[in-house]
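Take a look at the structure below.
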Amino acid sequence: MTARRLEKVEAMRARGEEPYPTRFERTARSLDVHNEFAELEAGQNTGKDVAVAGRVLNLRRLGKLIFVVLQDAWGTIQLFVERNTLGDEGFEAFEAVDAGDWIGCRGEVMTTRRGELSIRISGFELLSKALRPLPEKWHGLQDKERRYRQRYLDLIVNEDARRVATVRAGVLSELRRQFEARDFLEVETPMLQSMAGGALARPFVTHHNALDIDMYLRIATELHLKRLVVGGFERVFELSRVFRNEGIDAIHNPEFTTLEAYQALADYNDIMDLMEEIIPAVAAAATGGTVFEYQGRVVDLTPPYRRVALLDLVSEAAGEPVGLDWPPDRLHDLLGRHGVESQPGWGPGKMITELFEALVESSLWDPIFVIDFPKETSPLARVHRRDPNLTERFELFAANIELANAFTELNDPVDQRRRFEQQAKAKAEGDEDAHPIDDDYVKALEYGLPPTGGLGIGVDRLVMLLTDQATIREVVLFPTMRPE
RNA sequence: GGGCCUGUAGCUCAGUUGGCAGAGCAGGGGACUUUUAAUCCCAAGGUCGUGAGUUCGAUUCUCACCGGGCCCA
């Protein structure tokens with residue numbers, strides 16, 4: 001099939017025609033035509049000429065008449081290709097057009113007998129010859145592997161793929177609008193770092209030749225953003241990609257998008273209030289409202305959201321009041337009873353966090369702020385103002401999805417250094433996810449980080465929720481794949 | 001990392017209890033000036049993911065490998 005189309009290209013060149021010209025003067029997009037002539041009845045001629053352009057999706061040839069579905073970025077419009085209008089020469093040239101080709105056409109806006117808005121073309125030119133055939137017109141492209149590897153094909157033939165990518169763009173745009181409206185400054189911090197901090201995760205390692213040092217792709221934007229708050233930018237955010245060298249599954253891609261924001265003089269309660277404003281606004285921009293379906297179940301993101309302590313949720317699920325002051329053996333037994341295998345080196349905080357993930361997370365459908373996480377697993381969060389074993393941290397869940405993680409930031413440099421040292425100890429004992437000691441970050445805190453509330457949103461997961469997709473691969477245009 | 005499923009025509013999918021490989025769409029030829037997945041007629045289209053094993057014979061059974069999907073850790 002490719003060979004046959006290559007022959008058409010060569011035949012055109014032999015006639016002195018260019019199968020890949022440089023530009024086309026379009027006067028109307030498909031959407032414009034539909035908007036302007038929405039009310040037109042069947043069998044009308046408007047006398048109005050337009051020039052449209054796009055990809056030929058489908059041709060229905062009826063002898064001296066051809067109906068063509070032309071797709072541009074804003075929709076589709078039907079071409080009415082008539083021998084009488086186009087002339088014998090033009091019509092015969094049109095018969096070389098294949099599904100998949102890009103063409104530009106001029107003609108009169110009209111409606112067919114059945115009322116389909118169309119362009120009766122009086123002239124056309126090939127804009128780009130497609131050498132490969134399109135996937136099946138009715139079922140589209142189903143094979144998931146090819147949909148991900150060749151997303152361009154998915155986008156051509158699967159409307160839902162276009163919808164998800166478009167909604168994603170709307171989510172990014174609305175997030176920016178929301179933070180900018182509150183005087184947050186969008187900044188860019190290093191992706192390539194000599195130390196990967198700000199989260200508990202394994203980084204990708206690379207090498208800088210000129211400096212002859214190993215470098216890491218960032219696993220979070222947190223530490224640099226807080227350095228900027230030290231620098232006096234009281235409200236900053238970064239909406240960008242981070243990288244974690246971990247497995248790939250329905251909710252994990254090695255590169256993913258986060259929005260981190262930091263607000264001076266605020267604590268985690270203020271950040272919860274902020275989330276209750278921003279999440280509904282973004283949902284409304286994406287779905288038209290705050291109530292919608294996710295995987296067959298209704299989600300209602302209308303604020304306010306419940307705010308419940310993690311220990312209370314775990315206690316409720318365990319059927320008894322669980323505390324961080326329990327002896328390790330007792331916690332270990334509790335985990336065992338609930339089928340969680342605890343590992344040596346896990347302290348009470350880690351065990352209770354694991355229990356939360358095993359028993360509670362999957363039941364969190366309505367939006368909820370889970371608050372007050374153990375200090376042990378939150379090395380960058382400020383200790384709770386009323387309980388030295390907890391931190392002022394929350395995670396926002398909805399529809400079983402963790403959407404955000406936030407805390408009152410730890411701004412005491414002495415405490416921060418102590419926490420880093422505890423992490424270093426864990427790392428020495430084999431915890432590969434433990435946080436490295438970042439001396440420069442502690443130094444920055446020593447110059448004074450004001451009281452600050454910080455926030456991280458998992459943008460891919462938010463898009464999954466708002467586009468009703470079950471896997472992250474559906475909301476990332478080019479998900480990470482093993483090379484073919 | 002473990003379990004299950006999967007890879008057949010350009011695409012979407014059947015199928016072979018182990019014996020010449022099937023359809024629809026796309027593509028080719030023909031008819032058709034009002035289609036909407038157009039319709040009708042004709043012809044063509046295959047290294048059945050790769051490699052080994054069992055067998056008279058493997059696309060089918062077994063194993064390994066290469067991809068992919070789902071679930072679990």
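Both backbone and side-chain heavy atoms feed into the values below; hydrogens, waters and symmetry mates do not. In what follows, chains carry the letters A, B, and so on, assigned in the order in which the sequence lines appear, proteins first and then strands, with residues in each chain numbered from 1.
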- State whether the distance check finds a donor on one side and an acceptor on the other, under 3.5 Å, for side chain Gln78(A) versus base U35(B). yes
- Report yes or no: is there a donor-acceptor pair, N or O only, under 3.5 Å between the side chain of Gln142(A) and the base of U12(B)? no
- Query: When you measure from the side chain of Arg4(A), which nucleotide among G27(B), G68(B), A37(B) comes out closest?
  - Reply: G27(B)
- Side chain of Pro133(A): nearest nucleotide among G10(B), G67(B), U33(B)? G10(B)
- Query: Closest to the Leu62(A) side chain: G28(B), C71(B), U35(B)?
  - Reply: U35(B)
- Select one nucleotide: of U35(B), U34(B), C11(B), the one nearest the side-chain heavy atoms of Pro135(A). C11(B)
- Message: Regarding Arg61(A) and Glu95(A), does a basic nitrogen lie under 4.0 Å from an acidic carboxylate oxygen?
- Response: no
- Task: Indicate whether any N or O donor in one side chain lies under 3.5 Å from an N or O acceptor in the other, for Arg168(A) and Ser173(A).
- Result: no
- Go through G69(B), A37(B), U36(B) for me and flag the one nearest to the Arg60(A) side chain. U36(B)
- Message: From C-beta outward on Thr471(A), which listed nucleotide comes closest to its side chain: U34(B), C70(B), G10(B)?
- Response: C70(B)
- Query: Of all the nucleotides listed (U12(B), G28(B), G67(B)), which has the minimum atom distance to the side chain of Leu141(A)?
  - Reply: U12(B)
- Heavy-atom nearest nucleotide on RNA chain B taken for His139(A) and for Met110(A); more 5' hit belongs to His139(A)
- G10(B), U34(B), G28(B): which one has an atom nearest the side-chain heavy atoms of Lys8(A)? G28(B)
- Could you check whether Gly247(A) gets within reach of a base, just the sugar-phosphate, or nothing at all, counting any heavy atom under 4.0 Å? nothing
- Query: Between C11(B), U36(B), A38(B), which nucleotide has the shortest distance from any of its atoms to the side chain of Glu136(A)?
  - Reply: C11(B)
- Query: If pairing requires Watson-Crick or G-U wobble contacts with both distances under 3.5 Å, which nucleotide is the partner of G27(B)?
  - Reply: none
- Task: Look at all strands and tell whether Arg61(A) reaches a base, only sugar-phosphate, or nothing, counting heavy atoms closer than 4.0 Å.
- Result: base
- Exactly one of Arg146(A), Arg147(A), Gln142(A), Arg149(A) clears side chain to side chain donor-acceptor pair (under 3.5 Å) with Asp154(A), and that residue is Arg147(A)
- Task: Look at the side chain of Arg114(A) and decide which nucleotide, out of C70(B), U35(B), U12(B), has an atom nearest to it.
- Result: U35(B)
- Query: Does Asn84(A) make a side-chain donor-acceptor contact with the base of U33(B), cut-off 3.5 Å?
  - Reply: yes
- Message: Under 4.0 Å, counting only non-hydrogen atoms across every strand here, what does Leu134(A) touch: a base, just sugar-phosphate, or nothing?
- Response: nothing
- Task: Check the side chains of Ser30(A) and Asp72(A) for a donor-acceptor pair under 3.5 angstrom, ignoring hydrogens and angles.
- Result: yes
- Query: Is the closest side-chain donor-acceptor distance between Arg473(A) and Asn253(A) under 3.5 Å?
  - Reply: no
